[in-house]
Enquirer: 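Let me give you the structure first, and then I'll get to my questions.
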Amino acid sequence: MKEELLFNLQQIHTRIENACKASGRNTSEVQLLLATKTVPAAKIRIAIEAGESLIGENKMQEFRDKDAELKDLNIERHFIGHLQTNKIRDVLKYVTCIHSLDRLNLAQELHKQLKKENRNLDVFIQVNTSFEESKFGLSPVEVIPFIKEIKKYDTLKIKGLMTIGLLDVEKEKMLPSLRLLREIRDDIYTEKTTEITDLKLSMGMSQDLELAIAEGSNLVRIGTSIFGNRFLGKEIWNENIAE
């Protein structure tokens, strides 16, 4: 298990390096986030001890269940799934960043809890750039008005935009949803009322990381190519399916 996982990690880093080289970018601009949904703590430990430091979970329960086995490690934890407001207090026990801010009431409830805890939180705004009903996220036209609203909540520090691109065997079909996120970011920069000039892009997974990096991704979320396929027979990216 260990040898295969370490080999997979090296392969991913090679893919990231090659993608950066092909697009004229520095590898320091792209961070690897380990998508650890359903991954046992023992496998996560191997990756962290090999030099990784950032993991992302889709479910609060997985943070809780794995915490005891991993608490001795130096890990930065991000939440990358759809967040229900009744899970906010529990999720905030573990994470420094949420990638899936996609509605005003979630921003309001996060702000209330963060005020109680006297802390701030990094957030990415999730955008549905593939226009699929199976995915959460704001529509592209909602992003700038949404930013103007949540800037009222000083505990939320907007770090960037996140999307789950359209997954397909044909690159030509996957590319537009990734490119659109970059274009939305560029539109935000030109909209002076947002007063935002530095946004990271969280996009790119096992199937499309090269395309995402070419379109400016700063953070790729990789699970399957490192830990293997844990979702045989499941619709992994239908976010509306409860688990």
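Sequential numbering from 1 along the given sequence is applied to the chain's residues.
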Enquirer: CD of E4: more than 12 outside heavy atoms within 6.0 angstrom?
Expert: no

Enquirer: Under the rule for side-chain hydrogen bond (donor to acceptor under 3.5 Å, both in side chains), what residues qualify as partners of K173, not counting sequence neighbours?
Expert: none

Enquirer: side-chain hydrogen bond (donor to acceptor under 3.5 Å, both in side chains): which pairs involve residues 18-27, sequence neighbours left out?
Expert: R25-E29, N26-S28

Enquirer: Indicate, with yes or no, if L166 and I222 share a hydrophobic cluster defined by side-chain heavy-atom contacts under 4.5 Å among Ile, Leu, Val, Met, Phe, Trp and Tyr.
Expert: no

Enquirer: With distance as the sole criterion, is a donor-acceptor pair present between the side chains of T224 and S206 under 3.5 Å?
Expert: no

Enquirer: Once you measure the plane-to-plane angle for H99 and F124, does it fall in the parallel (<30°), tilted (30-60°) or perpendicular (>60°) bin?
Expert: parallel

Enquirer: With K116, which residues qualify under side-chain contact (heavy atoms from CB on, under 4.5 Å), at least two apart?
Expert: Q113

Enquirer: Under the salt bridge (charged side-chain N to carboxylate O under 4.0 Å, His left out) rule, collect the residues that match up with R89, sequence neighbours excluded.
Expert: none

Enquirer: Sorted by first residue and then second, give each salt bridge (Lys or Arg N to Asp or Glu O under 4.0 Å) pair with at least one member in residues 197-210; sequence neighbours left out.
Expert: R15-E210

Enquirer: Is there a donor-acceptor contact under 3.5 Å linking the side chains of T194 and E191?
Expert: no

Enquirer: Could you work out, with side-chain hydrogen bond (donor to acceptor under 3.5 Å, both in side chains) as the rule, every residue matching E52, not counting sequence neighbours?
Expert: H13

Enquirer: Partners of E149 by salt bridge (charged side-chain N to carboxylate O under 4.0 Å, His left out), sequence neighbours excluded?
Expert: K152

Enquirer: What about F7 and I46, same hydrophobic cluster or not, with Ile/Leu/Val/Met/Phe/Trp/Tyr joined at side-chain heavy-atom distances under 4.5 Å?
Expert: no

Enquirer: Could you give all pairs that pass the side-chain hydrogen bond (donor to acceptor under 3.5 Å, both in side chains) test and reach residues 62-71, with sequence neighbours left out?
Expert: E57-K66, E62-K66

Enquirer: Just jot down the side-chain hydrogen bond (donor to acceptor under 3.5 Å, both in side chains) partners of K159, sequence neighbours excluded, or say none.
Expert: none

Enquirer: Could you check whether atom CG of N118 has more than 12 heavy atoms from other residues, nucleotides or ligands sitting under 6.0 Å from it?
Expert: no

Enquirer: List the residues meeting side-chain hydrogen bond (donor to acceptor under 3.5 Å, both in side chains) with Y153, not counting sequence neighbours, and say none if there are none.
Expert: Q108

Enquirer: Tell me the ring pair (Phe, Tyr, Trp, His ring centres under 6.0 Å) pairs involving residues 169-223, sequence neighbours left out?
Expert: none

Enquirer: I'd like to know if the side chain of E76 pairs up with that of H78 as donor and acceptor (distance under 3.5 Å, no hydrogens or angles considered).
Expert: yes

Enquirer: Which pairs pass ring pair (Phe, Tyr, Trp, His ring centres under 6.0 Å) with one or both residues in residues 204-225, sequence neighbours excluded?
Expert: none

Enquirer: Checking side-chain polar atoms at under 3.5 Å, does T155 have a donor or acceptor matched by the opposite partner on H111?
Expert: yes

